[in-house]
Amino acid sequence: MRRTSYRKNAIKIALLYPSTYSVAMSSAVFHILYFKLQDAGFYVERFTADRGPRGIEDGTPLSHFDYIVAAVHYELDYINLVKLLLEAGVPPRAARREAPRLIIGGPPVTANPEPVAEFADVIAVGELEPLWDSLIEYMTTGEEVEGLYYPQRGPHPVKIRHAENWSAADYRRIPEAEAAFSLSVELARGCPYSCLFCMESYISKPYRPRDWGAVLQEAAWLYRKYGIRPSLVALTASAHRHFKELLSEAVRQKLQLSIPSLRAELLDDETLELIAQLGQRTITIAPESSERLRKALGKDISDGEIIRIVRKAAELGMRVKLYLLVGVPCERDGDVQDLKRLLAEAKKTGAYLYVSVNPLVPKPQTPLQYHPMAPIPYLKKAIRAVEESPHDAFSHYDPVLAAIQAAISLGGREVSVHIENSAASNAPLGYWKRLLKNGALDYVFKPRDDPLPWGHVEGFFSSQQLKSMYEAFLKTACGH
Ligand code: SF4
């Protein structure tokens with residue numbers, strides 16, 4: 001495809017991903033936007049946090065564009081976004097800016113748009129497809145149109161939108177080596193499960209699996225065209241009702257596929273064998289916590305089942321990556337000990353174990369939005385305890401970063417001051433650490449109640465339903 005070339009009177013769009021270039025290139029929606037915006041007749045250049053305030057294509061300064069369209073997938077990237085605006089000489093606050101207008105979309109702003117509300121002119125709450133026509137009309141006319149969230153009006157009701165008739169992705173890709181590893185085919189949107197901590201699942205309901213035959217055809221097309229294994233993208237690929245048929249057919253066609261996310265109780269021996277035959281070298285499962293907390297969180301998988309999968313994966317020569325959480329509400333010392341026992345058992349199978357531990361960050365739009373985050377010293381201690389278990393590789397997410405992530409994620413409009421100040425500082429992390437120390441972020445570690453800063457964002461479940469789920473969890477997990 002030819003790029004839309006620069007014309008003086010064309011509407012100019014800076015497509016921005018506020019992380020590194022390689023992370024941007026692994027985002028399917030960034031690719032889709034790049035092509036769709038050009039198809040709609042706009043002049044487009046890409047920007048990423050590490051490439052600075054000039055367009056990747058032609059070096060046009062960010063400040064020369066009519067619109068900035070930012071795709072954001074991680075709350076800490078809000079800081080990079082504001083930093084880039086400052087570097088470009090663009091006033092970050094919408095109220096003090098004539099142009100360019102800033103449009104932000106992505107999962108964290110869908111769950112809670114308020115932390116970036118002071119910066120954005122428009123926030124896309126939900127999936128791209130149902131909002132597309134409104135976005136195009138807005139950027140073409142400059143007038144406010146129905147369907148989008150205009151934060152300058154103040155917090156007001158907005159519904160998370162999802163695609164009703166959702167079909168195949170756009171296959172054209174940026175023909176660069178960096179983009180190749182990210183070739184992907186969507187198998188489903190949403191997840192049929194509702195693990196209590198999982199924001200992605202709650203904001204993307206209902207579950208919408210795609211026709212598995214069509215998915216396979218698209219994967220085969222990509223594999224033949226680029227010679228690289230395409231990834232099947234879904235929150236939980238193995239939840240697809242025809243997952244096994246899809247795998248068998250892919251094996252029959254000698255197709256290589258990458259399957260990143262799996263739900264353990266759906267993995268029988270035959271499925272694992274098929275996955276191994278597809279060339280997958282590592283299997284990733286998420287036991288999360290001790291058996292009792294795992295079940296209370298919504299994952300009905302026993303330790304015995306996890307060991308069975310690890311053993312089978314080892315037999316098949318696959319490495320095993322295990323995602324674990326610490327700081328789960330109602331977690332006791334005994335839960336961490338149970339987790340250590342599980343890891344010790346898993347290691348006895350002879351499997352190569354890669355253990356990844358993350359502090360639980362309570363997220364908006366989930367039942368755990370009401371729960372205080374565990375204190376940082378506790379999280380550090382729990383991570384050290386898990387690290388003592390036998391493993392071959394180990395990584396963890398820093399509890400300090402997790403607390404900052406929570407502070408942004410669970411914040412209201414007032415958090416924008418800290419996003420802006422940290423972006424303007426030479427040491428953003430030091431700025432946030434000082435806030436943690438002086439108690440300015442203590443709301444993260446306290447219980448929360450309605451009305452919450454994102455209470456006007458209407459998701460699949462009402463806040464009463466989320467609260468009932470939370471209370472049921474407390475009863476099961478903490479006994480009160
Ligand atoms: S199975 Fe995975 S994707 Fe689905 S709700 Fe649970 S954690 Fe989220």
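No experiment lies behind these values; they were computed from the predicted model shown. Remember, it's 1-based here, ligands and their atoms both numbered in the order they're listed.
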| What do the steps show when you test Trp432 against Ile79 for side chain to side chain contact (heavy atoms under 4.5 Å, CB included), and what is the final call? | CA-CA 11 Å; Trp432 286 97; Ile79 304 166; 3.4 Å; yes
Would you kindly say whether [X] and [Y] are connected by a side-chain donor-acceptor distance under 3.5 Å?
X	Y	value
Asp450	Tyr370	yes
Gln369	Trp454	yes
Gln253	Glu249	yes

| task | Apply disulfide (SG to SG under 2.5 Å) to Cys330 and list each qualifying residue two or more places apart in sequence or on a separate chain. | result |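 If we apply the disulfide (SG to SG under 2.5 Å) test to Cys330, skipping adjacent residues, the hits are Cys478.
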| field | Axial cation check for Tyr34 ring with Arg46, 6.0 Å and 45° limits | value |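 The answer is yes; both the distance and angle limits are met.
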| request: Output, by chain and residue number, all protein N/O/S atoms separated from atom 4 (Fe) of ligand 1 by less than 2.8 Å. | output: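 You should have found Cys191 SG.
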